[in-house]
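Contents: one structure, followed by commentary.
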Amino acid sequence: MRRRRIGTSVIGTGTGMVLLVTALAVPQPALAGPKVGQMVTGPKVGQAVAGPKVGQLVAGPKVGQVVGGVQRVGRQDGPPAVDPDDIRFQRRALRTGRPQEVGLLPEYVDRLRADAEAYLTPTPDHPNFPTYAGAVLLAAKDGVVVRHDALGMAVKYESVGPAPGRVGVELPADQQIPMRRDTIFDLASISKLFTTVVALRQVERGTIDLDAPVVRYLPEFAAGGKEAVTVRMLLTHTGGLPAFAPLWSAYPTPEAREAAALATPFAAGATPGNQYVYSDLGLIALGVLVERVTGRPLEHLVAAEVTGPLRMHDTGYNPAPALRHRIAATEYQPYANRGIVWGEVHDENAWALGGVAGHAGLFSTAADLAIFCQMLLNGGEYRGARILRESTVRDMLVNYNAGLETRYPDSDRGLGFELNKHGYMGPLASPVTFGHTGFTGTSIVVDPLSQTFLILLTNRVHPDRNWGTNTVARRALARDLAYAIPVRPPLGGTAWRADDRDGGSVTLTAPLRRAAGRAAVASFRLWYDTEPRYDVLHFQTSADGGETWTPVDVTLLGLTGRWTAEGSVTGYGGRRWWQALAELPVGTTHLRWSYATDATSRGRGVYVDALLAVGTNGLLFSGEGTDATRFTATGWTPSDR
């Protein structure tokens, strides 16, 4: 395929080619950075880390780091990396606008609504039931809300039939209530983020120490040998507490339930800081802790210190009965003698604790949550209301569980927030992308590198949690918003892009004009962003016409230095184009890029462009010239975005 022409008059069999080959073939010094695919040891849970502490002054970005998605000039050996120090906060107030105003592709932004509507009925990736009865979505970039849609029904069912069918029994049509853009949702575990914020405000004031044992503030927490569990461990879910306990059914009063939550012993075999177990009980304890330290109820703290200053008027606990018509219904719970839960918190333990708990209980709208997300992108401030210091926001986004990744691959967490979760963040994921989900079907994803966020609020448990999770929809919408951010080939025209496939392997092959001689070098442009460890791009050569393949090292060059990928790349690619160079073994007849993905999540993908191969025996391949039509593409297609 002939796309654009790059002159090759300076590349021939004479001096120009020899100089190019000589320059590209100079041996590179040993790299100090980690090898591709090697596990990078991060800070141990509870250990002091090099990143900023809450309340500590934060130094500016280091030379060579990524700032707001753009790398600064300087030396950087090793694969690209990004951490919270690299985030550039912007002071923006939300407004409505068109996708083009912020550089988004409108066709992908429009897909958000279409794809969200598709899940109102069974789909191939959620085949037995609708994913949810209704949803509200909100997408924004650079402070501009580019979509805010309501679809489906907020209240649709009155009950559920018996197993195994679990058929939903619909209300009469005149009693069903459509979703509105201002529909109020039970946020479920997104409530944990608000508990986190009020706790961190106390850290800023010096009344809570993240690395102090919880028993300093809650002496009764020592029951079960938990004296060494710290506040930070509650926030990172590494304290060793069990995931759940049926407080609502096992104890008769809210006071007894709270006491039982604090007295719960370790999970079997657990020790403080040595494992990752996502625990509601840990956040229940944190909620009690901030109440004890401040002498104020949690709902008052959230209102006075977060939602009030931010003017999140539709956010709070135990919504008034007068708001019921605006609230999305949740689950049919006959086992708790509740019927269809509507206007009350869905989580049984939060309900049994009076509707307010550190782990669940908050209700909100998409518009209110957009303010919360933008406040974090602004570095803790919105419209003059300072909620957190910038240094605190950065500290929230350090991956304190990096040392646990080998044993717990899904453990990446900052303080309260989940990090880099491709499972629902999709191609918006990065080492500093943060968010959270809620059991009722809610989620937020915030990508500070692109200054983008996505809110998806659904009533997926209405009428029955056994109808399944809505993660497939979360991932699909995250993919739409990520693809709305174009990846432009650096020289214009089109590049080769690996097709989006789960559980597949796709190849792009370049047959050389002749077998490579001495000092043969291939040069190409590469852009990649994949799910770390699970989706891998392999660089390969063949010397027998493509019958067998051998890995080849590729050196990646950028403004910040160079590093060598030993046959493959995976994970975060810096969201930038790299100049790639590979020394071709003598006798090479073919060069191939092979991209393999696992069965579910994906990153933004892989792009290859501007291949040029030369050697002492002349020009071997010109991907932008006469050889443009000679590629063999299986699962790769031309793309200009």
Side-chain angles (χ1 to χ4, degrees), residues 157-164 166 168-169 185-192 195 214 218 220-226 229 234 237 239-270 277-289 291 297-299 317-319 321 324 327-363 437-442 459-469:
Y157 300 97
E158 64 179 16
S159 64
V160 178
R166 297 188 178 277
V169 179
F185 287 81
D186 179 343
L187 298 183
S189 285
I190 291 179
S191 306
K192 294 178 171 73
T195 305
V214 176
L218 300 174
E220 63 269 42
F221 189 79
K226 304 193 300 295
V229 176
L234 297 183
H237 297 273
L241 294 173
F244 171 80
L247 305 173
W248 70 276
S249 60
Y251 301 92
T253 64
E255 295 75 18
R257 293 162 189 144
E258 180 180 292
L262 299 181
T264 300
F266 286 124
V277 177
Y278 177 73
S279 175
D280 281 354
L281 297 174
L283 267 292
I284 291 174
L286 185 66
V288 177
L289 189 154
E291 290 184 330
L298 179 61
E299 64 267 34
Y317 302 86
N318 290 322
R324 194 168 186 249
I327 298 173
T330 56
E331 191 175 22
Y332 181 57
Q333 293 186 353
Y335 57 86
N337 296 316
R338 301 181 72 190
I340 284 286
V341 178
W342 181 21
E344 294 181 327
V345 62
H346 168 268
D347 182 272
E348 296 93 338
N349 282 340
W351 167 64
L353 288 167
V356 182
H359 73 298
L362 202 64
F363 286 72
T437 63
F439 188 81
T440 50
T442 57
N459 54 355
R460 75 98 187 166
V461 296
H462 181 57
D464 188 351
R465 70 183 69 187
N466 294 293
W467 281 17
T469 177

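Only heavy atoms go into these numbers, but all of them, side chains included; no hydrogens, no water, no symmetry mates. If you're wondering where the values come from, they're calculated on a predicted model, not measured in any experiment.
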Is there a side-chain contact between [X] and [Y] (heavy atoms, below 4.5 Å)?
X      : Y      : result
His346 : Trp351 : no
Leu247 : Ile284 : yes
Val345 : Tyr317 : no
His359 : Asn349 : yes
Asp464 : Glu331 : yes
Val229 : Leu234 : yes
Tyr157 : Asn459 : no
Thr330 : Glu344 : no

Report yes or no: is the cationic atom of Arg324 (NZ for Lys, CZ for Arg) under 6.0 Å from the centre of the six-membered ring of Trp342, at an angle within 45° of the ring normal? yes

For [Y], does its backbone N or O pair with a side-chain atom of [X] as donor and acceptor, under 3.5 Å?
X      : Y      : value
Arg166 : Gly161 : no
Lys226 : Thr264 : yes
Arg257 : Ser249 : no

Distance from [X] atom [atom1] to [Y] atom [atom2], nearest 0.5 Å?
X      : Y      : atom1 : atom2 : value
Leu241 : Leu262 : CG    : CG    : 10.0 Å
Tyr278 : Asp280 : OH    : CG    : 5.5 Å
Leu218 : Glu258 : CG    : CD    : 8.5 Å

Go through the steps to decide whether Tyr332 and Glu158 satisfy the test side chain to side chain contact (heavy atoms under 4.5 Å, CB included), and finish with yes or no. CA-CA 8 Å; Tyr332 181 57; Glu158 64 179 16; over 6 Å; no

Under the side chain to side chain contact (heavy atoms under 4.5 Å, CB included) criterion, do Ser189 and Asp347 qualify, and how do the steps go? CA-CA 9 Å; Ser189 285; Asp347 182 272; over 6 Å; no

Nearest heavy-atom pair of [X] and [Y]: which atoms, and what distance?
X      : Y      : result
Ser191 : Ala188 : OG-O, 2.7 Å
Phe221 : Ala285 : CE1-CB, 4.0 Å
Ser159 : Pro463 : O-CB, 4.2 Å
Leu353 : Pro254 : CD2-O, 3.6 Å
Pro242 : Pro265 : CD-O, 3.4 Å
Gly361 : Ala350 : N-CB, 4.5 Å

Heavy-atom count check: over 12 atoms from other residues, nucleotides or ligands less than 6.0 Å from Tyr251 OH? no

Considering the options Thr440, Thr442, Thr437, Leu362, which one meets the side-chain contact (heavy atoms from CB on, under 4.5 Å) requirement together with Ile190? Thr442

Before giving the answer on side chain to side chain contact (heavy atoms under 4.5 Å, CB included), spell out for Arg465 and Trp467 the whole-Å C-alpha distance, their side-chain angles and the decisive distance to 0.1 Å. CA-CA 5 Å; Arg465 70 183 69 187; Trp467 281 17; over 6 Å; no

